[in-house]
Amino acid sequence: MITFITGNQHKVEEAEEIFNKFNIELEHIDLGYDELQGTLEDVAKAGAKYAASKLEKSVIVEDAGLFIKALNGFPGTYSSYIQETLGNQGILKLMENVDDREAEFRSVIGYCAPNSEPKIFLGRVKGQIALEEKGNLGFAFDPLFYVEEEGKTFGELTTEEKNQFSHRRNSLNSFINWYIENKDIQ
Ligand code: ITT
């Protein structure tokens, strides 16, 4: 069993579906700690280390964000705050008359066992910032994130569909592959 520390129920739903495929049970705990400011990698490492020592068990945490090329990577590590303040309409305003709509979601999983150093696993997915919100599935920036190959935004994809290739799927896949290989020596 893996313990996932997060306050975001949407992340839990997506992660559960992915772990299920590997027959790994997922437990969810919301520790409600303050995240330090820094890169996704720094935040994931520090969060995993803190939670592992506090709970005295192995945990994963995730730090994620939307990086828009024309905005020099904004909102990036500020994604959660910007989603709550500017929201999707605010992002669309910033992107008015901007031709280059390239964007990327990134997810970094931090894993830590008690009394050891954390490890991190990165996942990414490329897309475009749509001209308007589309779909009401998923969460946060999903209705804005258009994926050309699908002809749809993340907001138009079910959890199962999004989980085929999302940033979270990619980071969790890389974590799970490592975990399966290494769990006996942890
Ligand atoms: P925890 O830290 O408790 O896990 P959180 O929602 O604060 O939950 P993050 O700090 O990782 O999560 O913030 C990332 C933000 O980026 C998140 O709140 C969303 O606004 C956005 N985001 C991340 N992944 C996303 C996804 O798959 N779809 C849409 N928006 C996403």
Check: Ala140 main-chain N/O paired with Asn88 side-chain donor or acceptor under 3.5 Å: yes
Any Phe74 side-chain heavy atom under 4.5 Å of Ile82 side chain: yes
Donor-acceptor under 3.5 Å (Asp100 side chain, Ala70 main chain): no
Listed partners of Phe165 passing ring pair (Phe, Tyr, Trp, His ring centres under 6.0 Å), at least two apart: Phe154
Phe19 with Tyr179, same ILVMFWY side-chain cluster at under 4.5 Å: yes
Reported OG1-to-CD distance for the pair Thr3 and Glu25, which is rounded to 0.5 angstrom: 9.5 Å
Greater than 12 external heavy atoms within 6.0 Å of Lys11's NZ: yes
Residue pair Glu161 / Glu156, side-chain heavy-atom distance below 4.5 Å: no
Close side-chain approach of Ile109 to Ser171, heavy-atom, < 4.5 Å: yes
Lys NZ or Arg CZ of Arg106 over Phe67 ring: under 6.0 Å, within 45°: yes
Output field: ring centroids Tyr111/Phe175 closer than 6.0 Å: yes
Heavy-atom check, side chain of Asp42 versus side chain of Lys45, under 4.5 Å: no
Cationic N near anionic O, under 4.0 Å, Lys57 to Glu27: yes
Joint cluster assignment, Leu71 & Val125, ILVMFWY side-chain distance < 4.5 Å: yes
Flag side-chain contact, heavy atom, 4.5 Å: Phe139 against Gln9: no
